[in-house]
Amino acid sequence: MRMLLALLPVFALQSAPLYQASFDSNAKQWTAVHGTAAADNAVEHEKHASLRVEAAGESDALIRSTRVNLTVGKSYQLSAWVRTENLEVRDVDRSPIATGASIGMASMPFDVHSESLGGTRPWTHLNLRFTATRSQDQVLLAIAEGGAFRGKAWFEG
């Protein structure tokens, strides 16, 4: 089964998608640096499979996309739908202070990301506008970066 996720996450420059990801067709598009990530056909948003992200022990979760090409100086918008279930975040005596489920870019500082979600939330649209400072970057799906969490989050376009 092949499902293209319209914006999971997708960069849009004036609503024109530059990057699209599919959890079903190419698992190598996403790499779990911390935590676990798996396509979840049981939890859908608008008939599209989602990516379920969970902790792997006492850790945060950090999922990176393959590299995407950008034009330095151009404005972009990163966008995704996120759902959380019993998501509780805690610090582990380190800086930065951990936040909930969010989207961002690998080249950005830890405190530059979309709104973050915790607790149990229905599908919520998150976005982040930014100006490219590199010609290549990676999309980040993050939960409790620099901390630890329990619960689950699903990401979808």
*Gap separating the CD atom of Gln138 from the CZ atom of Arg64, nearest 0.5 angstrom*: 5.0 Å

_Go through it in stages, so that I can follow the logic: the residues are Phe130 and Leu78, the test is side chain to side chain contact (heavy atoms under 4.5 Å, CB included), and I'd like the CA-CA distance, side-chain angles, deciding distance and then a yes or no._
CA-CA 8 Å; Phe130 67 97; Leu78 180 62; 4.3 Å; yes

*Between Asp137 and Ser107, a side-chain donor and acceptor under 3.5 Å*: yes

*Hey, are Arg90 and Glu88 close enough for a salt bridge, meaning a charged N less than 4.0 Å from a carboxylate O?*
no

*N/O donor-acceptor pair under 3.5 Å between Ser102 side chain and Ser114 backbone*: no

*How long is the span from the CD atom in Glu85 to the CZ atom in Arg150, to the nearest 0.5 Å?*
13.0 Å

_Please check this pair: side chain of Ser50 against backbone of Val43, looking for a donor-acceptor N/O pair closer than 3.5 Å._
yes

*Could you state the interatomic distance from CD1 (Ile103) to OG (Ser116), rounded to the nearest 0.5 Å?*
11.5 Å

*Please round to the nearest 0.5 Å and tell me the distance separating atom CG of Leu51 and atom CD1 of Ile63.*
6.5 Å

*Looking only at non-hydrogen atoms, find the nearest pair between Asn127 and Gln77 and report the distance.*
CB-NE2, 3.7 Å

*Is there a donor-acceptor contact under 3.5 Å from the side chain of Thr84 to the main chain of Arg121?*
yes

*List the steps, then state whether side chain to side chain contact (heavy atoms under 4.5 Å, CB included) holds for Val82 with Thr124.*
CA-CA 5 Å; Val82 180; Thr124 303; 5.6 Å; no

*Between atom NZ of Lys152 and atom CG of Asp40, what is the distance when rounded to the nearest 0.5 Å?*
8.0 Å

*Parallel, tilted or perpendicular: which describes the rings of Trp123 and His45, with under 30° parallel and over 60° perpendicular?*
tilted

*Answer yes or no: is there a side-chain heavy-atom contact under 4.5 Å between Val89 and Thr99?*
no

*Measure across Val72 and Arg134 and return the closest heavy-atom pair with its distance rounded to 0.1 Å.*
CG2-C, 3.5 Å

*Which heavy atom of Glu145 sits nearest a heavy atom of Asp60, and at what distance?*
CA-OD2, 3.4 Å

*Can any side-chain N or O of Thr120 pair as donor or acceptor with the backbone N or O of Asn86 at less than 3.5 Å?*
yes

_Separation between NE2 of His48 and CG of Asn41, rounded to the nearest 0.5 Å_ = 12.5 Å

*Grab the two heavy atoms, one from Ser75 and one from Thr131, that are nearest each other, plus how far apart they are.*
OG-OG1, 3.7 Å

*asked:* Please check this pair: side chain of Tyr76 against backbone of Leu70, looking for a donor-acceptor N/O pair closer than 3.5 Å.
replied: no

*Could you tell me whether the side chain of Ser65 and the main chain of Val139 form a donor-acceptor pair under 3.5 Å?*
yes

*Dump the intermediate steps for side chain to side chain contact (heavy atoms under 4.5 Å, CB included) on Met108 and Leu128, then the final yes or no.*
CA-CA 11 Å; Met108 294 180 176; Leu128 174 67; 3.8 Å; yes

*What's the shortest heavy-atom distance between Leu126 and Glu115, and which atoms?*
CD1-O, 3.6 Å

*Between Leu141 and Phe155, what is the shortest heavy-atom contact and its length?*
CD2-CD2, 3.8 Å

_Short side-chain to backbone donor-acceptor contact, Ser59 and His34, under 3.5 Å_ = no

*Return yes if some donor-acceptor pair links the side-chain N/O of Asp91 with the main-chain N/O of Ala98 below 3.5 Å, else return no.*
yes

